[in-house]
Each structure stands twice: as C-alpha cells, then as structure tokens.
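What you are looking at is a predicted structure, and each value in this text was computed from that prediction instead of being measured.
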Amino acid sequence: MSTYEYEQEAPSSMSQAALAPPHSLEAEQSVLGAVLLSDKVHYAYVIEEGLRPEDFYRERHQVIYQSMLDLYNESEPIDVVTVTEHLRARGALENAGGPAEIDALTAAVPAVGNLRRYGSIVREMSLLRKLLTATYEIQSSVHNHEGLPRDIVEQAEKAMLEVGRDDRQKDFRKVGEVLHEELDRWHELSTEGKSMTGTPSGFHELDEMTGGFQPGNMIIVAARPSMGKCCGGSTLVYDPERGYRRRLDEVVRDVEMGSECFVASLGPDFKLRTSRVSASMRSGVKPLFRLTTKLGRHIEATANHPLLTVRGWRQLDELSSGDRIAVPRNLPRAGLQQTMPDCEIVLLAALIADGNIIQGTPRFCFGPDSPIADTAEYATEQIGAWYSLTKRGDSAHLRRPGTTGTNVVTELLKANGLWGKRSEHKFVPDAIFGLDNDRIARFLSVLYACDGHIYAERLRQVGYTTISRRLADDVQHLLLRLGIVAKIRKLPRPVYEGTEKTAWEVLVTGQEDLRRFLDEVPVVGKTAARVRLLDGLATVRAKTNVDTIPPEGWQLVTAAKGERSWRTVSAAAGYPDNHNWHVGTRGLSRPRMAQLAEVLDAPHLQQLAEADVWWDEIASIEPIGDQETYDLEVPGDHNFVANDIVVHNSALVTNFAENVALHPDRPRPVALFSLEMSESELAQRFIASQASIKGDDLRKGRLKDERKWKRVLETAARYDKSPLYVDDSSDIGILEVRAKARRLHQQTMSEYGGLGMIIVDYLQLLRTDARTDNRVQAIGEISRGLKILARELEVPVIALSQLSRGVESRTDKRPMLSDLRESGQIEQDADLVMFIYRDEYYNENTDRPGEADLIVAKHRNGGLGDVPLTFQGEYPRFLGLQRAA
C-alpha cells in the first residue's frame, strides 16, 4: 500500500487524525460487515461496481476484502466462517487481525441495506487519497525540475484525469475476468441483434466491416495531399528570413531533408508575415498553365490552384483575363540582413548592367558622358584591382594588380554565379537579395545609372531596360522589397535589326511609387532629372484610379452598410445627399475604402484599405504543357508568395465529424484539430456539405435565392446545437493535443459520457515535442502519442496522413501501406488504415466519374476490403454509393 508523507511537520496541536490521509474506518468496517451478513445478490452490487482492495485504507481490511473477492470469483458463499477459513488456508489470517476481528465486523454494521452507500464512501475516500498522491508527485516534479514546464503540465493534466476517471486500467487483470465481461457483451449484442460496437462512421458498408470506430483505436485515413493543386518546380519562392528567392523544387527537397524553411504568407488581416513551412509535396507530372498579370508577374500552376481575389480564393480555371488577383505591394524581411562592401555592390551592379564578363578580363563599358565611370573606377581601386582604360576610352579593363595572383573582380563574379553570362542571361545574385534596404537601394542606384532613365517632362516615369527577362524580374522584385510597385513590359521592336532579341522594360509610373523611388534610390549622375521629376509630381493631383480595390469590393461595403441608405452614408462622410459613389461600377481607391470603413465602423474594410496587396489584373492565361509539380504546406494562412504572387496551398474526415456530431438519435462530441484549414474555412465546408450549397456560392455570397439562404440558416442552427468542437491552432504539438482532448473529454462527460471521436487533420503537420532532427523518429513520437491518447480516453482517434510520392510513380495508382509517409511507425501504431482513391483524379477517361474507394488496407480486428463512395466535389462530401441492382 502507498504511504503518504507531508512535506513539513504539522503543529503539535494538530491531531493525529488530521494528519492522516482521507479515510473512513467506519465505512470500511460497514462494507465488510454488510458483505458478511448479506446474500450474494446484494453484495454483488458492490463487487461488480468495481470496489477494489486498494480502495480500503486499513491494510487488514484490504486483506479481508481480497479474500471475499476470491470467494466470489470461485462462486463460493461469503460469510464469517468461509472468509476465516479461506484466510487461514492461505496463511493470511494473522494479517487480517485474526478470527475475532472478522467476527467483530458484523457487529459494526448500522444497516445492511445501506451497503452500496458504504461502498461509495470507501471509493470517495480512496479517490481523495489518490488526488493527494498525485498532487505530491506534481509538487515533487516541479521542485526537482524533472522536465520541461510543458512536459510537467502535460503529466499533471494526465494525472488529474486519471484520478477523475478513477482509471484502473493500468493494473494487470486475469484473462478470465476480461473474457467474463466480453461474454456478457457478446451475448447482449447477439440477443438484441446489434452489430455496432463503436462510434458509427455514417457510412453503412464501412460500419458493417468495422462495427464502427472502436474505442481506444487509432485510425489512419491517408490520401494524396492538396488534391493536385500545385506549381511548377521553377517557381521562385520568397524566403523572408534570408531575403532571396529559391526554386520551389529546391525548397521541397530541403523540407524533405528536415531543413527549416520560411515563406512570406498573407494573414486574414491582409498583412504579409513570415511563416514556417510544415510540409512539402511532390505532386507528379501535371498539365500547367501560365497566368500573366498586367504588372508582368507570372505564375505556372495547375488549373485547380487557388489564387486570391477580393471575394476570396478562386481556382485558376475559374479566372479569366480582366479578373484581379492579390499580389504583394511590399515584402517583409524578418531575418538578419547580410552585408557586403560598397565596392562589391557597385561593381556587381555596373558589370551586370554594362559589363563584358564572358571571357578574359572583366570589362566595364560606358559612354563618353557616363555618370558612373568615376564611381566604378573608385570601386575597382577599393576592391584591389586596376582600372585600365582602353585606347578608345569607352571601356575599362578591371585587371589584377600585377602579373601574378588572381583577379579579385573575376573571383567576385564567379562567387556570385555571373562569370561567363551573356547579357541575355544576366541576373541579380542571391547575395544582393540578402542585403538590407539601404544596400539594395545602392545597388539599384548604380544599375539605373547605367541602363535606367528618369523622365520628368511629358511622361513622368522611371524605367530600366534589359534584354534579360530574368534580370527584369529580379529588378522588379528588388523594387518590391523597397515597397515600390513596378510593371514589366516587352518593348515592341527587336533590340537589333534582323534578330529576334527583345528588350524588357521595368517601369515605375504610379505617383506614390515614383516618390518612393526618388526618396529611396538616389540614382548616380541623375540628380537633375530626379529634382525635375519631384517638382513635377508636386504640381499634379494624385491619381486614385490605378492602385484600387476591384469593383467587387463594393459587395463587402454594401454588406457592411446593412439597412442604412446611401444618403445617410453620404451625410456621415460629409458629402451632399445626392453624392454619386459609383457603387459597383468603379474600383475603390484605398483612401475611399478607409473613409467608408470609418463611416460604417467596419474593421474588415479598414484592413482592405491598409492591405499589403496590390490587386493586379490578369492579362492572359495559357497552357504550357505537362511538367513536374510541387507544393508547400503553410499552417494557419495556407498560402505563400511565389513569383511575387500570393498562391494558396480533406473532405472525408470532416464527413466523419458531421456524421457523429449531427447524428439524429445519439449525437456524440467530436474534437477536430485542424492544422490545415482555418475555422472559417471549416465552417464554410460544413455548411456546404450539409446544406448542399456549393462552396463557391458561399465564398461569393450567391445566396439571394431564399431557399438557399433558408437551408444555410437551418444547417447553421443544427451545428449550433451539435457537440462539434474545432481547434485550428496551426502550430500545435502532440502534448497540447492530448491536454486539450483530455479537458474537452472531461467537460463533455456529464452530458454525453465524454468524447465520441477525436480527429487530427493532419498528422504530419503536428509539431513534435521531441528534440530530434530525425523526421521519421519525430513522426513516430507523434503517432505513438495519438495511440496513447486513444487508449487513455477510450475514444477512437482518426488522423489524416499524407501518402508519399511513390504512388505517383507507379502504373497502378491505388495506394498501399508502404505509401504512407514515414510509414513504419504509423502502420505499427494504427489499428485501422484506410486510403482514399479516386480514379478520375489520375484518369480523365475513367469509367467511374464521381466515385471513390475507401480502401481498408489494415484492420487489426477485422476484415479488409473496399468501400465504394460517391464524391461530390462541389460541396464537398462523400456519400455511400448506391449501385443499380
């Protein structure tokens, strides 16, 4: 028996009874005496309700009660004589206090009929003692620093839950005891014709196969991620930690190897921020489309890849020329900026713009009145090379200072990947992107001094011209780093007569962007033009028809206005009653949107007015053939900046959640941990599924049909009453999942008997709490943690899991157990593994359109097979497939 010790001595005035742990000797004696006096039917209530020997405080009472249990299990009578002889035969009579002690118990019973209440008192005191023990153990862990704080908290919550549930499952039990209980349960199921022993999934054939999702089981539902929405490998992903852009296929490779990668993502407040990539996907060869915008930005993606519009995310194949999508107007820079000597910045810019760097000695070319020649000469001397003019005086060789040694300028170009590049292949090296804004501005000031222009007369613009499309993209991106929006246009004429070489021009034309450029980038040698342009801008009225929110934004304004008339809004804004707002016909300037946000007291409109995005117009969408495709998973925001465009990055498990929580006769609480979708996205999906309303109609507010709106309201009312709980924490670990699930389990105990199901969407996005760089080991810790949670709460835990890209490389695309990512431990821990397979996903000419198979590939306690389903992607939902007879 456990001993209980206090941390400090009690005052001498305190009685010995006050020091002892909670107990009631009278209740214990009454239980034992009543059992000795009552018939078998009566005391069976106490024994079968689970009163255990360790629930008794006095040790001799434990010995006596154990003897009673042994006699009961042997179907022997229980009275003073049988118990005394049973103890004597086993040599335990002395430990029980002798025959006199046993005989005295019968005289201590106030009323035999109160046996059950006496048993309850013994159990309650036992529970209090366990609580006391648990608190001592927690105090000891805290005082001795026996782990990280969050680990101790998790252990404390677990200990409290075990006490609260009076968890006795940790004890060894004889198989005979277990079988005795199971035989009773099997008999009940057989006589009552029941086949459902677990939580019903809502899919008849699946429940026939499994008997429902069993308590304590871990169930894996696996499918290819993202349903194929992805981008080409050459897509450039912006890394705000390091400042430069990297190919998407390289980022995917690094994530697979366990490296920590970051992207810029757009939050619900329309502000860009730094986010961590949690997973990466190789999605195989798919048809791609190139979308090009009016600013000259472009993205190569699959037809179903979502892009952000002012009315929400829309798939690429739902967009067309003239539609407007979100692109960054600036980019965050979170990490530590790199540094570079000014002489290196100057020489890189000068030689990228006007350098011959393909062979021999690097040569800088310039005109007779070049404003940058002196700057380039000084930088050459500073880096430790000779600036040697040619005979014609229109260029200079940048030589090594002597007859031996290396040319430091050549080495600089090689180190940055530029040596040997012709003009049409030049680019801005990563080292420049990693610099701070001041040094980036310095680089641009030299670049524009060579091949740039500042017009201040009839045209007010700043431009840079190059025959390298990659360089044009890089310059546009560098300007974006400074918060300057520029567009790229292709010049109409060839650079050289009789050739196909064309030039690209990076133009800054917006008045605010021109002012920012002139303030941030002091172009070398063009001070006079800069002053003239600044003076010219000071005399013109700011244009509000360029940087606007699309006309669709008026729908958001109208919704915020509600029942108020436009006359009332005009008066509040200080305009005449008949003011023409041009509702729905013109885009809204940002100042106008801010004004309406203030008048209507609408914070979400203010967020649009202050958004970090520019609503860029789509210029063209064209197919470019089949290519290898990739995608990233960004928890929380579910988007990232690629090619300077905001791109977006699990229907069956949500159907399981609906079927359990909305069950018409016996709803059960469901805890859904969604690491992939936000609360609002889940709400939209639930309403779409249950109300049979297309998700696109919900996103765009196409609910004017009274019948549709009625279905939405009725469905929302059902969810309001349902025990469905959602947690969309994007960065959550297995310990937090277990702690939150325990708390919710306790909260729902009184009304529902605890949780009916726990869902994690999805397993690979959970943060591991183990300190390891081994991805397989980390996933193993998460998998074991979910299995422990299922057993601990006796609740089925369903975890969505990714499939590896191996399935894409096979002719037969039907998944198998080895296709589970980090499959070994997941497969070992899971009691049930199911795969979602849709033939039309891989085969356009399938003879099973709109159908899916739920493949039961592992079933620890049952058979295997396929469950045919109907997939309704527009809602989205899965239904049981009704085949014709």
Side-chain angles (χ1 to χ4, degrees), residues 243-245 337-358 362-367 370-385 387 395-398 407-454 462-482 484 486 503-506 508 517-518 520-527 529-530:
Y244 52 79
R245 297 178 296 172
Q337 283 89 354
Q338 300 172 15
T339 187
M340 179 184 288
D342 185 73
C343 57
E344 293 184 9
I345 295 173
V346 169
L347 288 176
L348 284 174
L351 293 173
I352 288 171
D354 283 334
N356 185 325
I357 54 176
I358 57 175
R363 183 158 54 96
F364 175 58
C365 307
F366 52 87
S370 171
I372 199 67
D374 291 342
T375 303
E377 181 177 3
Y378 179 74
T380 304
E381 294 171 356
Q382 288 295 109
I383 203 173
Y387 187 85
S395 62
H397 292 284
L398 312 185
N407 187 329
V408 290
V409 178
T410 303
E411 293 304 309
L412 174 67
L413 293 167
K414 287 181 178 179
N416 287 281
L418 289 165
W419 182 248
K421 299 294 183 184
R422 296 185 177 276
S423 296
E424 61 267 32
H425 299 135
K426 288 180 178 178
F427 59 90
V428 176
D430 285 344
I432 296 297
F433 291 115
L435 300 176
D436 58 37
N437 285 358
D438 289 341
R439 289 180 173 84
I440 286 176
R442 174 62 165 164
F443 176 86
L444 289 171
S445 72
V446 175
L447 204 70
Y448 272 78
C450 297
D451 284 336
H453 65 260
I454 297 178
V462 173
Y464 179 79
T465 306
T466 174
I467 62 173
S468 167
R469 176 60 202 254
R470 180 178 174 182
L471 180 55
D473 289 338
D474 289 347
V475 171
Q476 184 188 47
H477 178 76
L478 282 177
L479 291 171
L480 192 60
R481 288 279 302 279
L482 301 179
I484 300 167
W504 304 90
E505 190 173 42
V506 184
V508 180
F517 182 94
L518 298 174
E520 298 280 344
V521 186
V523 180
V524 178
K526 298 188 178 180
T527 303
R530 175 178 174 274

Less than 4.5 Å apart, any side-chain heavy atom of Val462 and any of Ile454?
yes
Mind checking what makes ring-ring contact (aromatic ring centres under 6.0 Å, His included) contact with Tyr448, not counting sequence neighbours?
Tyr464, Phe517
To the nearest 0.5 Å, how far apart are CG in Leu478 and CG in Leu447?
8.5 Å
CD of Glu520 to CG of Asp438, rounded to nearest 0.5 Å, is 7.5 Å
Supply the atom-to-atom distance Leu398 CG to Glu381 CD, rounded to the nearest 0.5 angstrom.
11.0 Å
Show the nearest heavy-atom pair for residues Val523 and Ala449, with the distance to one decimal.
CG1-N, 3.6 Å
How long is the straight-line distance from CG of Leu347 back to OG1 of Thr375, given to the nearest 0.5 Å?
10.5 Å
Please report the shortest heavy-atom distance between Val524 and Pro371, naming the atom on each side.
CG1-O, 3.6 Å
For Asn437, look at atom CG and say whether over 12 heavy atoms of other residues, nucleotides or ligands are found less than 6.0 Å away.
yes
Among all residues two or more places apart in sequence or in another chain, which pass the side chain to side chain donor-acceptor pair (under 3.5 Å) test with Arg442?
Asp342
Would you name the heavy atoms of Ala350 and Cys450 that are closest together and state the gap between them?
CA-SG, 4.2 Å
Hits for side-chain contact (heavy atoms from CB on, under 4.5 Å) against Ala472, two or more places apart or cross-chain, chain-then-number order -> Thr466, Ile488, Trp504, Val506
Nearest non-hydrogen partners of Asp451 and Ala353, listed with the distance
OD2-O, 2.9 Å
So which atom in Ala373 and which in Tyr387 form the shortest heavy-atom distance, rounded to 0.1 Å?
O-OH, 3.6 Å
Looking at side-chain heavy atoms only, is the closest gap between Val446 and Ile345 below 4.5 Å?
no
Flag the pair Leu348 / Met340 as yes when at least one side-chain heavy-atom distance between them is below 4.5 Å, and no otherwise.
yes
I'd like a table of donor-acceptor pairs (distance under 3.5 Å, sequence neighbours excluded) in which one partner is a side-chain atom from residues 415-424, with atom names and distances.
from: Asn416; atom 1: ND2; to: Leu412; atom 2: O; distance (Å): 2.9

Gap between atom OG1 of Thr339 and atom CD of Glu344 - 0.5 Å precision:
9.5 Å
Distance-only criterion, 3.5 Å: show the donor-acceptor pairs between side-chain atoms of residues 425-435 and protein atoms not counting sequence neighbours.
from: Lys426; atom 1: NZ; to: Leu351; atom 2: O; distance (Å): 2.9
from: Lys426; atom 1: NZ; to: Ile352; atom 2: O; distance (Å): 3.3
from: Lys426; atom 1: NZ; to: Gly355; atom 2: O; distance (Å): 2.7

Arg469: what forms a side chain to side chain donor-acceptor pair (under 3.5 Å) with it, not counting sequence neighbours?
Asp473
Look only at the side chain of Arg439 and the backbone of Gln338, and say whether a donor-acceptor pair between them is shorter than 3.5 Å.
no
Considering all heavy atoms, the nearest Ser395-Cys365 contact
CB-CA, 3.9 Å
Please tell me if the side chains of Ile372 and Phe364 come closer than 4.5 Å, counting only heavy atoms from C-beta onward.
yes
